[in-house]
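Below is one structure, written out as structure tokens; the observations come after it.
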Amino acid sequence: MTPERPSSTDPVVLPGWTWQPFLDDAVNALHPLNIQPYPVAEEFLQKQDITGSRSKPVTVTTATWACRTEKFRQVRAACVDAGAAASVLNFVINPLSRFDLPFFGGDLVTLPSGHLLALDLQPADKSDEQHTRPVWNRLMPIFERWREKLPDGGPIPEEAQPFFSPGFLWTRLPLGEEGDHLIETVVRPAFNDYLRLYLELAAEAEPVSDARRDDLLAGQRRYTDYRAEKDPARGMLTRFHGSDWTENYIHTVLFDL
């Protein structure tokens, strides 16, 4: 049987999925970079299961779009569509450590309780001013422009703070017309502004020394190790697809460094 998506760069199309326009925007922005498929095992390219109760079953689909480019080790989108139970786009750009770049992170989550939305250019080493200052000087005006249009998402755990920039845009929105309006008029253009800046930084980035590369790689590993250990989607994915599949997905696809 031929898989529905034999390559990681084949389009992800999930009818009615909340975050389809965001994924489409990101893929279109990346296409000029001569993207190449990123190796993803067939079982993780697209998976469908049934969740919910026997009387009210819910079909859940999890798909992965992934590529690599000259300067990005891995770009990947984890896409979850479970109807009213959950709708998720987790979009991350992992740069090659040969270039002094942060991570791009977009986490867009809809649950029965509301929308949880986060955008950031996340530092590999927050204490390294050479790594952070050139990014933050350009990120903060974008953050300030959009922050005032959205409610604050609340405090983040102290242990997570080293992995976020001062430009971390984090909000909670209600379900319904008000939230939908803010997603279309504020969150989507903010997502594209953050991504546009990131791609500009990448276009300008020059290779660094071997010693600098090793420092950046160590910081990247600290970040990905933390994310793999604390991934907030673990419980949801386990409920949808089982523990074995979920742990393999987290460690061999989402955070494979």
Side-chain angles (χ1 to χ4, degrees), residues 8-9 26-27 29-30 32-41 44 64-78 90-107 118-140 156-169 194-234 246-257:
S8 61
T9 50
V27 172
L30 288 161
L33 302 184
N34 185 31
I35 64 173
Q36 302 297 318
Y38 189 84
V40 176
F44 300 123
T64 308
W65 187 94
C67 76
R68 52 187 170 192
T69 74
E70 178 188 6
K71 295 182 179 179
F72 302 151
R73 182 187 68 81
Q74 181 210 49
V75 183
R76 55 94 178 145
N90 179 242
F91 184 82
V92 176
I93 301 179
N94 296 275
L96 286 162
S97 56
R98 179 60 78 181
F99 300 95
D100 199 337
L101 290 166
F103 297 90
F104 176 92
D107 210 20
L119 294 171
D120 202 6
L121 304 191
Q122 296 174 264
D125 185 349
K126 194 171 183 175
S127 66
D128 183 338
E129 196 168 297
Q130 179 185 342
H131 175 63
T132 59
R133 180 183 281 185
V135 176
W136 295 354
N137 285 346
R138 292 163 69 173
L139 176 61
M140 292 309 293
I156 60 173
E158 186 173 340
E159 64 179 356
Q161 291 177 9
F163 303 105
F164 292 97
S165 83
F168 178 46
L169 189 65
Y194 272 59
L195 182 57
R196 191 176 301 113
L197 171 59
Y198 188 82
L199 296 180
E200 288 172 4
L201 292 166
E204 298 161 11
E206 298 290 340
V208 298
S209 68
D210 288 354
R212 181 71 177 156
R213 177 200 62 196
D214 292 345
D215 287 344
L216 290 167
L217 181 59
Q220 289 180 353
R221 283 188 168 136
R222 285 192 295 272
Y223 168 83
T224 55
D225 287 351
Y226 172 82
R227 288 297 308 273
E229 181 185 350
K230 301 290 187 178
D231 189 352
R234 178 178 267 108
T246 296
E247 291 305 316
N248 284 331
Y249 187 53
I250 288 172
H251 290 285
T252 68
V253 180
L254 300 186
F255 307 106
D256 66 348
L257 187 58

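Here the structure is a predicted model, which means the values were calculated and not measured. In this chain, numbering begins with 1 at the start of the sequence shown.
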Using modelled atom types and a 3.5 Å cut-off, is there a donor and acceptor pairing between side-chain atoms of [X] and backbone atoms of [Y]?
| X | Y | result |
| --- | --- | --- |
| Gln122 | Phe168 | no |
| Ser97 | Leu217 | no |
| Tyr226 | Arg221 | no |

Exercise: identify the closest heavy-atom pair between [X] and [Y]:
| X | Y | value |
| --- | --- | --- |
| Pro162 | Pro123 | O-CG, 4.2 Å |
| Asp120 | Ser165 | OD1-OG, 2.5 Å |
| Leu119 | Gly106 | CD2-CA, 3.9 Å |
| Trp65 | Cys67 | CH2-SG, 3.6 Å |
| Pro95 | Pro102 | CG-O, 3.3 Å |
| Phe44 | Thr64 | O-OG1, 2.8 Å |

*Before accepting this row, confirm whether a basic side-chain N of the pair Arg133/Asp128 lies closer than 4.0 Å to the acidic partner's carboxylate O.*
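A salt bridge is absent here (no side-chain N lies under 4.0 Å from a carboxylate O).
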*May I ask you to say whether Arg98 pairs ionically with Asp210, meaning some side-chain N is under 4.0 Å from a carboxylate O?*
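The answer is yes: the pair qualifies as a salt bridge.
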_Centroid separation under 6.0 Å, is that true for the rings of Phe72 and Tyr38?_
no
*For the ring pair Phe103 and Tyr223, is the centre-to-centre distance below 6.0 Å?*
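Aromatic pair counts; centres sit under 6.0 Å.
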Using side-chain heavy atoms (C-beta onward) and a distance below 4.5 Å, is [X] in contact with [Y]?
| X | Y | result |
| --- | --- | --- |
| Thr132 | Val135 | no |
| Leu121 | Leu201 | yes |
| Ile250 | Arg234 | yes |
| Asn34 | Gln36 | yes |
| Val92 | Val75 | no |

_Residues which pass side chain to side chain contact (heavy atoms under 4.5 Å, CB included) with Pro39, listed by chain and number, not counting sequence neighbours_ =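 Once residues adjacent in sequence are excluded, the partners of Pro39 under the side chain to side chain contact (heavy atoms under 4.5 Å, CB included) criterion are Arg68.
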Report the distance from atom [atom1] of [X] to atom [atom2] of [Y], rounding to the nearest 0.5 Å.
| X | Y | atom1 | atom2 | value |
| --- | --- | --- | --- | --- |
| Asp215 | Ser209 | CG | OG | 8.0 Å |
| Phe164 | Ile156 | CZ | CD1 | 5.0 Å |
| Leu199 | Thr69 | CG | OG1 | 9.0 Å |
| Leu257 | Thr224 | CG | OG1 | 4.5 Å |

*Go through the structure and list residues passing side-chain hydrogen bond (donor to acceptor under 3.5 Å, both in side chains) with Glu229, not counting sequence neighbours.*
none
*Could you tell me which residues satisfy side-chain hydrogen bond (donor to acceptor under 3.5 Å, both in side chains) with Thr9, sequence neighbours excluded, listed by chain and number?*
Ser7
*Does the side chain of Asp125 come under 3.5 Å of the side chain of His131 through a donor N or O and an acceptor N or O?*
no
*Pick one: which of Asp256, Asn90, Asn94 meets side chain to side chain donor-acceptor pair (under 3.5 Å) with Arg76?*
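The residue from Asp256, Asn90, Asn94 that satisfies side chain to side chain donor-acceptor pair (under 3.5 Å) with Arg76 turns out to be Asn90.
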*asked:* Is there a side-chain contact (heavy atoms from CB on, under 4.5 Å) between Leu96 and Leu101? Walk through the geometry before answering.
replied: CA-CA 8 Å; Leu96 286 162; Leu101 290 166; over 6 Å; no
_Please determine whether salt bridge (Lys or Arg N to Asp or Glu O under 4.0 Å) holds for the pair Lys71 and Glu204, giving the CA-CA distance in whole Å, both sets of side-chain angles, and the decisive distance to 0.1 Å._
CA-CA 11 Å; Lys71 295 182 179 179; Glu204 298 161 11; over 6 Å; no
*Quick one: sort the Phe104 and Phe91 rings into parallel, tilted or perpendicular, breaks at 30° and 60°.*
perpendicular
*asked:* Are more than 12 heavy atoms, taken from residues, nucleotides or ligands other than Glu200, located less than 6.0 Å from that residue's CD atom?
replied: yes
_Arg73 charged N/C atom sitting above Phe99 aromatic ring, 6.0 Å / 45°_ =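 Ring-cation test returns no.
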